[in-house]
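Here the structure is laid out as structure tokens; the discussion comes afterwards.
Because the structure is predicted, anything quoted here is derived from the model rather than measured.
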Amino acid sequence: MLQQVKTRKSNRIPARFKPHSIVLAEQLDVLFNRAYDKESNISTGDDTAISMSRLRNACVSLQHILPLALNKVSADTATSIQTSGLNALSDFEIWQELEYFCINEINDVKLPSYATRIEEALENIAKFHFYDNAINAPFRLVNGATSIDITKLFELEFHQVKETRKLLKKYLDYLVLPELSLKDSSIRDNILKTATAIINICLHDTFKNTERVKLPLLATLKDREFVSSFICNHNFRTFLKFILPDVWGKARVNQFKTEAEVIGYAQSISSKFGNEVDAFLKNQIASASEANTTRVRSSTLSFPRWLNSAGSVASPIIKLLSERGIQGFAENGLQGFKYLYKHYQEETQNNQQFLLLLNAALDLYHFVTGEKIAKESLLPYSLGYYLKESDTTEWQKHEWVYDNAYKFYQNLVEYHKVFTKRIDGESIGIVTLKGYIGSMARALKENASSLTDEQMKLIANHGVHAFVENNCEILKAIREAIQLKSKQGDLSVFVGFCW
């Protein structure tokens with residue numbers, strides 16, 4: 001009996017691409033034949049061949065989305081795909097443009113659940129066609145074994161995606177440097193959080209509805225005043241330092257790995273500061289249990305480590321340390337600590353780590369001087385009240401008044417200063433003083449909606465004097481607002497009386 005020879009069945013999928021590119025249809029036909037040969041063991045040396053089902057699933061996505069994308073890409077890109085088919089993808093720029101518009105057409109197409117993601121479909125087919133499994137699609141940022149999906153960028157305009165991708169690729173090449181010793185998860189986190197920050201900038205009205213949108217992204221990133229409000233994590237700040245060191249300060253590559261290196265760096269700032277750090281570290285370790293030694297060492301040295309890695313951001317406080325050691329931080333109204341605290345507040349996405357080094361700096365100061373500084377005292381809008389009976393200090397924060405009525409806040413500060421020091425017959429109890437100041441601040445904050453923008457501007461610029469201008473217009477408006485709330489039951493008579 002003659003052995004039956006298995007024959008190929010004609011495949012109808014490639015023919016569906018003929019209206020868009022005859023060359024592409026012929027190339028896909030070749031790929032289906034190769035996939036068939038691999039599955040049927042006719043060909044055993046084709047390492048890049050993928051399964052028939054995987055190829056079909058990729059073609060399903062491409063079949064539905066390619067016609068839409070060809071209407072959106074540039075004329076040159078469309079012509080290249082029509083005349084060269086898959087060979088056009090050897091040009092990275094063409095592949096990147098096709099991929100971008102394919103992804104952005106996905107919302108207008110209902111694909112079967114088994115269809116491959118369009119960007120992966122193109123990648124699978126390209127690897128198969130070019131006999132090269134090492135090929136990576138443009139939506140991946142790759143360096144060695146690190147591969148990061150950046151399709152989140154594709155909500156931006158195409159020219160923004162291209163520029164951002166180039167910048168992120170440079171950043172990735174920096175992050176994988178052996179001397180940085182970063183884990184793959186940290187590298188990935190850096191790239192994706194930086195991408196998110198750039199997306200936030202490009203989609204914000206202050207960018208897309210202004211002339212900035214016409215400029216290269218790099219030109220916008222040079223604008224410190226504009227970009228600073230978008231710095232929501234230390235990853236983006238490090239990216240800015242790496243890309244634009246002349247504007248944002250130089251990113252430090254050398255990360256200390258040993259205790260001796262950190263102490264040596266502290267000594268390079270000043271021998272006084274180095275000796276303080278060394279003595280403090282020994283004291284902390286001696287007081288720690290064996291199980292906590294590593295954690296204590298890490299937290300204690302977090303402050304000098306940050307000074308090294310922060311670049312130009314740390315320059316003003318390094319100058320204080322070089323002249324007076326940690327004691328220099330307390331001069332000029334706690335200038336050094338307030339500067340550090342300001343950056344702690346800005347590190348909204350990484351504030352626990354920054355709080356660790358802020359506490360390390362405060363603990364170092366306490367160890368060297370014996371004086372304890374409360375973090376609340378570093379706030380520009382915080383007032384302290386020392387309670388002699390309990391030997392404690394309570395803090396009152398007036399952030400809203402500080403931000404919206406600065407001169408009025410200064411009036412509260414002056415009032416606080418006078419009556420915390422007064423000891424004559426006109427003095428008042430500290431608890432009463434705290435209540436008075438709190439009531440004045442709340443009265444303005446809770447009734448600001450009853451005032452016009454111009455009236456609030458007067459208060460911000462002239463403080464309490466604004467209340468009696470224009471025949472006490474502002475004072476009357478606030479009183480009327482308080483009375484109305486009391487009548488409506490939104491405010492107790494007692495609180496209204498206090499205000």
Point to revise | S74: side-chain hydrogen bond (donor to acceptor under 3.5 Å, both in side chains) partners, not counting sequence neighbours | key: T77, E97
Revision key, fill the gap. Result for side chain to side chain contact (heavy atoms under 4.5 Å, CB included) between T194 and one of T164, I243, T238, N235 points to N235
Point to revise | Residues D173 and K169 bridged, charged N to O under 4.0 Å | key: yes
Exercise for review: Name the orientation class of the two ring planes belonging to H398 and Y409 (parallel below 30°, tilted from 30 to 60°, perpendicular beyond 60°).
Suggested key: tilted
Check your understanding: Do S90 and N87 have a side chain donor and acceptor closer than 3.5 Å?
Key -> no
Check your understanding: Counting only N and O atoms by type, is there a donor-acceptor contact under 3.5 Å from the side chain of R165 to the main-chain atoms of P138?
Key -> yes
Check your understanding: Is the shortest side-chain N to carboxylate O distance from D149 to R117 below 4.0 Å?
Key -> yes
Revision key, fill the gap. Which of L66, V60, I65 passes side chain to side chain contact (heavy atoms under 4.5 Å, CB included) with L62? It is L66
Practice item. Can you label the angle between the F236 ring and the F239 ring as parallel, tilted or perpendicular, going by 30° and 60°? Key: parallel
Check your understanding: Quick one: does NZ or CZ of R237 land under 6.0 Å from the six-membered ring centre of W248, within 45 degrees of the ring axis?
Key -> no
Practice item. Among F337, F280, F329, find the one that has a ring pair (Phe, Tyr, Trp, His ring centres under 6.0 Å) with Y365. Key: F337
Point to revise | Lys/Arg N to Asp/Glu carboxylate O, E93 vs K162, below 4.0 Å | key: yes
Review point. Taking atom types as modelled and ignoring hydrogens, do the side chains of T146 and D184 form a donor-acceptor contact shorter than 3.5 angstrom?
Key: yes
Exercise for review: Could you tell me whether R212 and D223 make a salt bridge, using a distance below 4.0 angstrom between a side-chain N and a carboxylate O?
Suggested key: yes
Check your understanding: What about F32 and Y36, are their ring centers closer than 6.0 Å?
Key -> no
Exercise for review: Consider only side-chain N and O atoms of T48 and R34, and report whether a donor and an acceptor are under 3.5 Å apart.
Suggested key: yes
Practice item. If the plane angle is over 60° it's perpendicular, under 30° parallel, otherwise tilted; pick one for F101 and F158. Key: tilted
Check your understanding: Charged N to carboxylate O under 4.0 angstrom, E163 versus K166?
Key -> no
